[in-house]
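Notes follow the structure.
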There are 2 protein chains.
Amino acid sequence: MARTSRKAAVDFKAAAREWAENNKDGRKPTIKDVAELARVSKKTVSRVINNSPLVNDATRKGIQGLIRDIGYQPDPLARGLASRRSYLVGMIYDNPTPQYVVNIQLGILDVLRNTGFELVVHPCDRKSDTFIEDARRFIEVQKLFGVILTPSVSEDERLAEVIRELGCAYIRIASVALDMERRMIVTNDRAGSREAARHLAKQGHKRIAVIAGRRSFRSAHERRAGFEEGLAEYGISVPPEYVLQGDYTFESGLALGSAILDLDPAPTAVFASNDEMAAGVMQALHVAGQTPPDSLSIVGFDDFETATRVWPRLTTVRTPAREIGMLAAERLFEFDDDSPAAGGRNQTTPRLIERDSTRIPSDLQSRPEPESP
Amino acid sequence: MARTSRKAAVDFKAAAREWAENNKDGRKPTIKDVAELARVSKKTVSRVINNSPLVNDATRKGIQGLIRDIGYQPDPLARGLASRRSYLVGMIYDNPTPQYVVNIQLGILDVLRNTGFELVVHPCDRKSDTFIEDARRFIEVQKLFGVILTPSVSEDERLAEVIRELGCAYIRIASVALDMERRMIVTNDRAGSREAARHLAKQGHKRIAVIAGRRSFRSAHERRAGFEEGLAEYGISVPPEYVLQGDYTFESGLALGSAILDLDPAPTAVFASNDEMAAGVMQALHVAGQTPPDSLSIVGFDDFETATRVWPRLTTVRTPAREIGMLAAERLFEFDDDSPAAGGRNQTTPRLIERDSTRIPSDLQSRPEPESP
DNA sequence: ACTCAAAATGACACCGGTGTCAATAAGGCA
DNA sequence: TGCCTTATTGACACCGGTGTCATTTTGAGT
């Protein structure tokens with residue numbers, strides 16, 4: 001018979017039965033109950049719960065079985081109080097685009113499921129002069145295990161600094177590396193819009209307008225820069241009068257859409273830095289009685305639901321929001337892990353989804369001129 | 001000089017200064033610190049924090065000032081551990097429509113802000129056979145202060161029963177009263193779709209199709225019933241072959257949209273039970289080369305973003321999701337309050353938003369026949 | 001001044017875990 | 001076999017609040 005421990009071996013199965021019998025009133029077991037049934041100290045049970053290597057294997061197995069049998073679950077509040085760190089992960093966001101927020105949340109939750117960690121959502125307003133203090137209090141008071149920052153708060157260096165000061169784990173989701181690699185999930189927006197540009201260029205477009213995103217968002221620069229890079233590969237450049245300043249809202253897209261109609265010479269295509277604005281310019285065309293993409297091809301960015309709801313369906317660049325959420329959560333749990341083994345993927349590359357809002361420019365008769373770079 | 005307390009009066013301002021001086025290392029104050037500075041017991045401070053009426057007014061004022069001055073914040077984990085109830089509110093949802101989820105969340109958070117409570121999101125899958133157990137564990141282990149249930153899990157009676165057993169506060173958001181009034185936020189979907197019906201009837205439509213929502217959702221029945229009620233006021237009824245069974249998805253709307261085109265005689269209008277399906281129908285028309293609302297008027301339900309992104313913009317019924325979230329959170333905090341004074345509003349009535357997807361049926365020449373009921 | 005109920009406050013254990021450090025057991029080696 | 005290092009375990013205080021119940025004050029009434 002295998003030796004289990006130097007003390008008289010405890011019959012863990014019997015202990016579980018004992019609990020079942022003596023607990024007719026359905027009290028939830030605590031660590032003390034487990035310890036007594038297993039005839040060990042609370043501390044040993046605690047070690048098992050926390051996967052401490054300082055436990056004899058046989059002891060561990062037995063206690064784990066017992067825990068399973070009687071359905072013990074450590075109290076996160078007590079654990080949090082004692083260890084000064086809760087079992088909560090915060091998601092701090094300021095861009096309330098529903099598609100984005102929800103998908104990131106779902107991605108994070110995919111990873112959190114069954115880990116005992118829970119997700120606490122915390123919207124904020126960067127324009128508020130107390131938002132940093134609010135976030136600090138949130139993190140400090142709740143003793144968050146970690147936080148995930150999404151654009152555009154994720155770009156706030158002061159906030160990041162505060163979080164670092166607090167010693168809290170964090171992951172920043174952004175379109176460019178703003179921090180140590182292991183603390184970032186970067187969505188390669190630049191590569192994505194490069195694809196968008198190539199797509200239009202291949203179709204033969206030459207006169208292409210760009211609707212830029214809100215200046216204060218890094219993604220706005222990345223998307224625009226990537227797009228111009230892509231066009232440059234085909235020797236195309238965007239003249240200043242062809243770049244319009246939007247702010248990522250549908251309304252700005254709508255307004256700028258009609259502005260585009262007044263451009264002379266008229267562009268044959270437009271790249272809107274997100275789907276909302278793309279939908280806006282599409283609507284502007286409809287209002288003007290046009291039927292895209294006949295006179296104007298449109299490409300968006302994000303591939304949120306809107307892209308497939310509008311008509312014609314939007315050719316756009318897909319940002320895998322849910323996957324991004326998952327990656328962020330995964331990396332968050334590796335935050336303190338310095339081993340070279342750690343550090344999984346922390347980049348996602350958006351990809352072009354071709355739909356119906358782009359086509360060969362009307363001034364080209366039959367086929368495009370695919371002048372490959 | 002006003003008497004403040006029977007003991008030698010404590011100078012709370014001086015106490016605050018004392019703290020500032022002796023705490024160069026920036027330790028966060030605990031209840032013990034406050035108690036010592038105020039020369040009272042921890043318990044008294046605790047009473048002040050919890051607004052217990054058992055504290056002398058002068059004492060209370062002083063301690064409150066002190067708390068403010070030194071920036072004391074009670075530790076939610078310790079409070080939760082001791083009182084067996086955390087400062088977390090859970091939102092349990094299964095309908096991941098981003099618009100809905102985010103707006104409800106924002107509404108709840110509007111109310112939670114600065115209360116010390118935080119929102120924990122918990123999506124679930126009603127089809128999973130463990131979702132009830134999962135939810136139970138979630139609530140029990142986290143010792144949630146309360147939960148807010150949104151459709152359609154909110155309709156699950158077994159879940160509600162489990163929550164009741166746990167003694168947890170809860171509010172159910174649904175389209176009909178499934179529970180005690182004070183535990184419900186009901187969105188009067190029936191009244192909303194009645195409006196939609198009246199609108200079409202007033203425009204002169206007679207042959208009107210209906211796309212029903214997912215059968216297992218109460219809202220599907222309410223919306224359909226309300227719509228038929230509204231039509232009935234104008235002596236219109238919907239023949240069986242005009243009601244199509246959808247499932248609230250865009251895809252079902254798309255499929256059913258082309259089905260509608262095959263109907264003979266063709267309806268002049270269709271009521272889709274939500275915007276997603278309405279958008280689907282609209283897209284089906286576009287695919288078929290039609291231009292709504294020329295041959296077919298469309299009205300949706302929800303007024304999510306999609307409604308204004310499609311072309312023509314959707315006439316629809318607005319459900320004030322954010323407001324619903326706020327109401328739910330407000331009622332949640334009154335859960336145990338039996339006073340008749342308690343119990344604020346717990347109903348919201350959607351209202352019709354007229355846009356561009358409905359018009360006088362083409363077979364009527366100039367003006368509608370507004371046969372008021 | 002004395003009595004007593006009501007008002008205000010405090011003492012102390014406890015919530016359910018973890019951190020620290022000491023104590024004990026086991027295995028390797030001279 | 002005795003000594004020393006390593007592996008395992010436990011004792012106990014403590015995290016920062018709240019619940020219970022006793023104790024002290026206070027103010028009205030006589």
Side-chain angles (χ1 to χ4, degrees), chain A residues 2-10 27-63 67 70 72-87 116 140-143 145, chain B residues 2-10 27-63 67 70 72-87 116 140-143 145:
Chain A
R3 55 176 316 120
T4 55
S5 143
R6 64 231 96 151
K7 304 162 73 165
V10 174
R27 196 167 53 80
K28 263 183 49 188
T30 71
I31 199 173
K32 187 156 163 259
D33 299 313
V34 177
E36 287 171 358
L37 289 168
R39 313 244 189 283
V40 298
S41 69
K42 292 195 300 178
K43 184 68 217 194
T44 298
V45 178
S46 169
R47 291 198 179 93
V48 172
I49 297 171
N50 293 289
N51 289 313
S52 158
L54 307 174
V55 210
N56 178 291
D57 250 8
T59 312
R60 161 178 289 108
K61 289 283 188 313
I63 294 181
I67 285 178
I70 70 176
Y72 164 70
Q73 295 215 250
D75 180 336
L77 280 75
R79 290 228 268 181
L81 175 58
S83 64
R84 292 111 210 272
R85 173 170 283 200
S86 77
Y87 285 75
E140 190 169 27
V141 170
Q142 299 295 329
K143 298 192 172 70
F145 169 85
Chain B
R3 54 176 317 119
T4 56
S5 143
R6 63 233 91 147
K7 305 164 71 166
V10 174
R27 196 168 52 81
K28 263 182 52 187
T30 72
I31 199 173
K32 187 156 163 260
D33 299 315
V34 178
E36 286 170 358
L37 289 167
R39 313 239 188 287
V40 298
S41 70
K42 291 196 300 179
K43 186 67 217 194
T44 297
V45 179
S46 171
R47 291 198 179 93
V48 171
I49 296 171
N50 293 288
N51 288 314
S52 158
L54 308 173
V55 208
N56 177 292
D57 250 10
T59 313
R60 175 195 313 288
K61 288 285 188 315
I63 295 182
I67 286 178
I70 69 175
Y72 164 69
Q73 294 215 250
D75 180 335
L77 279 72
R79 289 227 270 178
L81 175 59
S83 63
R84 292 109 209 269
R85 174 170 280 200
S86 76
Y87 285 76
E140 190 170 27
V141 170
Q142 299 295 329
K143 297 194 173 71
F145 169 84

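Chain naming here is simple, since letters A, B, ... match the order of the sequence lines and numbering starts at 1 in each. Excluded from the calculations below are hydrogen atoms, water molecules and symmetry mates; all remaining heavy atoms, backbone and side chain alike, are included.
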request  = Starting at atom CZ of A:Arg39, determine the distance to atom P of D:dG10, rounded to an integer number of angstrom.
outcome  = 12 Å

request  = Only counting residues at least two apart or in another chain, list the ones meeting salt bridge (charged side-chain N to carboxylate O under 4.0 Å, His left out) with A:Lys43.
outcome  = none

inquiry  = Please classify the nucleic acid contact of A:Tyr87 as base, sugar-phosphate, or nothing, using heavy-atom distances under 4.0 Å.
reply    = nothing

inquiry  = In this structure, how many angstroms lie between the P atom of C:dG17 and the CD atom of A:Gln73, rounded?
reply    = 10 Å

message = In whole Å, I'd like the distance from the CZ atom of A:Arg85 to the P atom of C:dG19.
response = 11 Å

request  = Return the value, rounded to whole Å, for the distance between atom NZ of A:Lys32 and atom C1' of C:dG17.
outcome  = 13 Å

task = Check whether any side-chain N or O of B:Asn56 sits under 4.0 Å from OP1 or OP2 of C:dT9, and answer yes or no.
result = no

query = Rounded to whole angstrom units, what separation is found between the CG atom of B:Asp75 and the C1' atom of D:dT18?
reply = 13 Å

request  = Between B:Arg60 and B:Arg84, just flag the one whose closest nucleotide in DNA chain C comes earlier from the 5' side.
outcome  = B:Arg60

message = Please tell me if B:Ser83 has a side-chain N or O lying less than 4.0 Å from either OP1 or OP2 of D:dG17.
response = no

query = When rounded to the nearest 0.5 angstrom, what is the spacing between CD in A:Glu36 and NZ in A:Lys42?
reply = 10.0 Å

message = Return the CG to CZ distance between A:Leu77 and B:Arg84, rounded to the nearest 0.5 Å.
response = 11.5 Å

message = Taking the axis from the first five pairs and the axis from the last five, what angle separates them in the helix from C:dA1-D:dT30 to C:dA30-D:dT1, rounded to 10 degrees?
response = 40°

query = C:dG17, D:dG17, D:dG10: which one has an atom nearest the side-chain heavy atoms of A:Thr30?
reply = C:dG17

Under-4.0 Å side-chain N/O to phosphate OP1/OP2 contact, A:Ser41 with D:dG10 = yes

query = What's the NZ-P distance between B:Lys43 and D:dA22, to the nearest Å?
reply = 15 Å

inquiry  = Nearest heavy atom decides the nucleotide; on that basis, is A:Val55 or B:Ala82 closer to the 5' end of DNA chain D?
reply    = A:Val55

task = State whether A:Ser46 places a side-chain N or O below 4.0 Å from either non-bridging phosphate oxygen (OP1 or OP2) of C:dG17.
result = no

key: Donor-acceptor pair present, A:Arg47 side chain and D:dG10 base, under 3.5 Å   = yes

inquiry  = Does any part of the side chain of A:Val141, heavy atoms only, come nearer than 4.5 Å to the side chain of B:Pro76, both counted from C-beta?
reply    = yes

remark   = For A:Ala38, the side chain to side chain contact (heavy atoms under 4.5 Å, CB included) test, sequence neighbours excluded, returns A:Phe12, A:Val40, A:Ile63, A:Leu66

ask   = Base, sugar-phosphate, or nothing: which does B:Val45 touch, judged by heavy atoms less than 4.0 Å apart?
value = nothing

ask   = Counting just side-chain N and O atoms, does A:Thr59 come under 4.0 Å of either OP1 or OP2 of D:dT9?
value = yes

ask   = In whole Å, what is the span from the CG atom of B:Leu81 to the P atom of D:dT18?
value = 11 Å

message = For A:Lys28 and A:Asp75: C-alpha separation, side-chain torsions, deciding distance, then whether salt bridge (Lys or Arg N to Asp or Glu O under 4.0 Å) applies.
response = CA-CA 10 Å; A:Lys28 263 183 49 188; A:Asp75 180 336; over 6 Å; no

task = Looking only at non-hydrogen atoms, find the nearest pair between A:Ser46 and A:Asn50 and report the distance.
result = O-ND2, 2.8 Å

Which residue lies more 5' along DNA chain D, comparing B:Pro74 with A:Leu54 via nearest heavy atoms = A:Leu54

B:Arg79 side chain near D:dT18 phosphate (N/O to OP1/OP2, under 4.0 Å) = yes

query = Between atom NZ in A:Lys42 and atom P in C:dT20, what is the gap in whole Å?
reply = 16 Å

Separation of B:Ile67 CD1 from B:Leu37 CG (nearest 0.5 Å) = 11.0 Å

